[in-house]
**Q** 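Pasting a structure below so you can have a look.
When a ligand or atom number is given, it counts from 1 through the structure's own listing order. These numbers were taken from a predicted model, which means no experiment stands behind them.
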Amino acid sequence: MSAPQYEADNIFAKILRGEIPCHAIYEDEHTLSFMDIMPQSEGHCLVIPKVPSRNLLDADPTTFMWLMPTVQKIARAAKRAFHAHGVQIVQFNEAPAGQTVFHLHFHVIPVYEGTELKLHAREAQDGGHLAHNAELIREALKFNS
Ligand code: 5GP
């Protein structure tokens, strides 16, 4: 059985090409972070590499050299922005494992004591709310250590 291939018409590839909009938080030469449109908690966002791969399984290992520092940066900022009690970092590989968009990404999900996470990729959040949350995380990034 041949391994599944990267397909350039996935939603995150379109976001990277500027073909569809996103609520961007952070961008550098190798990575982009933006709000998840169906957040599981307040402040749920995503971090993706600019280089194409379906997920962790087919990614060039050097991808993580650039990606993980951005994941850490965004996790710290999201926790600070929303006064969260913790942060889940989640990453799915292939559909049976829960992956729905086939461009490598890490979820950064702020966690609040006493509040259960919503279901994965179910309920879209209002655009104005997402824009506001992106702004809060961008502000918090200024204080990142
Ligand atoms: P996966 O299931 O592949 O780990 O996660 C894909 C994530 O992308 C889901 O949490 C889903 O809510 C989010 N998502 C799906 N379509 C879009 C979109 O068009 N824009 C943004 N910003 N997020 C999306």
**Q** Look at the aromatic rings of H103 and Y6 and report parallel, tilted or perpendicular, splitting at 30° and 60°.
**A**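 Rings of H103 and Y6: perpendicular, as their planes differ by over 60°.
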**Q** Kindly confirm or rule out an N or O of V101 lying under 3.5 angstrom from an N or O of ligand 1.
**A** yes
**Q** Count I, L, V, M, F, W, Y as connected when their side-chain heavy atoms are under 4.5 Å apart, and connections chain through other members. Are V71 and L141 then in the same cluster?
**A** yes
**Q** Hey, is Q40 one of the residues with a heavy atom under 4.0 angstrom from ligand 1?
**A**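 So Q40 does not count as touching ligand 1.
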**Q** Taking all non-hydrogen atoms of both residues into account, name the closest pair between A13 and A8 and its distance.
**A** CB-O, 3.4 Å
**Q** Starting from atom 9 (C) of ligand 1, which protein heavy atom do you reach first, and at what distance in Å?
**A** D36 OD2, 3.3 Å
**Q** Counting only heavy atoms not in R122, do more than 12 fall under 6.0 Å of its CZ?
**A** no
**Q** Within the 4.0 Å heavy-atom shell around Q99, which atoms of ligand 1 are there?
**A** 2 (O), 3 (O)
**Q** When you measure from atom 5 (O) of ligand 1 to every protein heavy atom, which one gives the shortest distance, and what is it?
**A**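 Result: H105 NE2, 3.0 Å.
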**Q** Nearest protein heavy-atom contact for atom 19 (O) of ligand 1: which residue, which atom, what distance?
**A**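 Among all protein heavy atoms, the one nearest atom 19 (O) of ligand 1 is I11 CG2, 3.3 Å.
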**Q** Just to confirm my output: which protein heavy-atom neighbour is closest to atom 8 (O) of ligand 1, and how far is it?
**A** F12 CZ, 3.3 Å
**Q** Tell me: protein heavy atom nearest atom 24 (C) of ligand 1, and distance?
**A**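 For atom 24 (C) of ligand 1, the nearest protein heavy atom is I37 CG1, 3.4 Å.
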**Q** Using a 4.0 Å cutoff against the non-hydrogen atoms of F34, which atoms of ligand 1 qualify?
**A**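 That gives atoms 22 (N) of ligand 1.
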**Q** For ligand 1, which atoms, with element, lie under 4.0 Å from some heavy atom of G98?
**A**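 Once the distances to G98 are compared, the set is 2 (O).
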**Q** List the closest protein heavy-atom neighbour of atom 2 (O) of ligand 1: residue, atom name, distance to the nearest 0.1 Å.
**A**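 The closest one turns out to be H120 NE2, 2.5 Å.
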**Q** Of the protein's non-hydrogen atoms, which lies at the shortest distance from atom 15 (C) of ligand 1, and what is that distance?
**A** M38 CE, 3.8 Å
**Q** Identify the heavy atoms of A77 and A140 that sit nearest to each other, and give their distance.
**A**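 Minimum heavy-atom contact is O-CB, 3.3 Å.
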**Q** Give a yes or no on this: more than 12 heavy atoms of other residues, nucleotides or ligands lie within 6.0 Å of atom CD of E19.
**A** yes
**Q** How about D28 and T31: does a side-chain donor come under 3.5 Å of a side-chain acceptor?
**A**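 T31 and D28 do have a side-chain donor-acceptor pair below 3.5 Å.
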**Q** Yes or no: does H107 have any heavy atom under 4.0 Å from an atom of ligand 1?
**A** yes
**Q** If I compare all heavy atoms of F34 with all of C22, which pair ends up nearest, and what's the gap?
**A** CB-SG, 3.7 Å
**Q** Could you find the nearest protein heavy atom to atom 22 (N) of ligand 1 and give me its residue, atom name and distance?
**A** M35 O, 2.8 Å
**Q** Under a 4.5 Å side-chain heavy-atom rule over Ile, Leu, Val, Met, Phe, Trp and Tyr, are I11 and L32 clustered together?
**A** yes
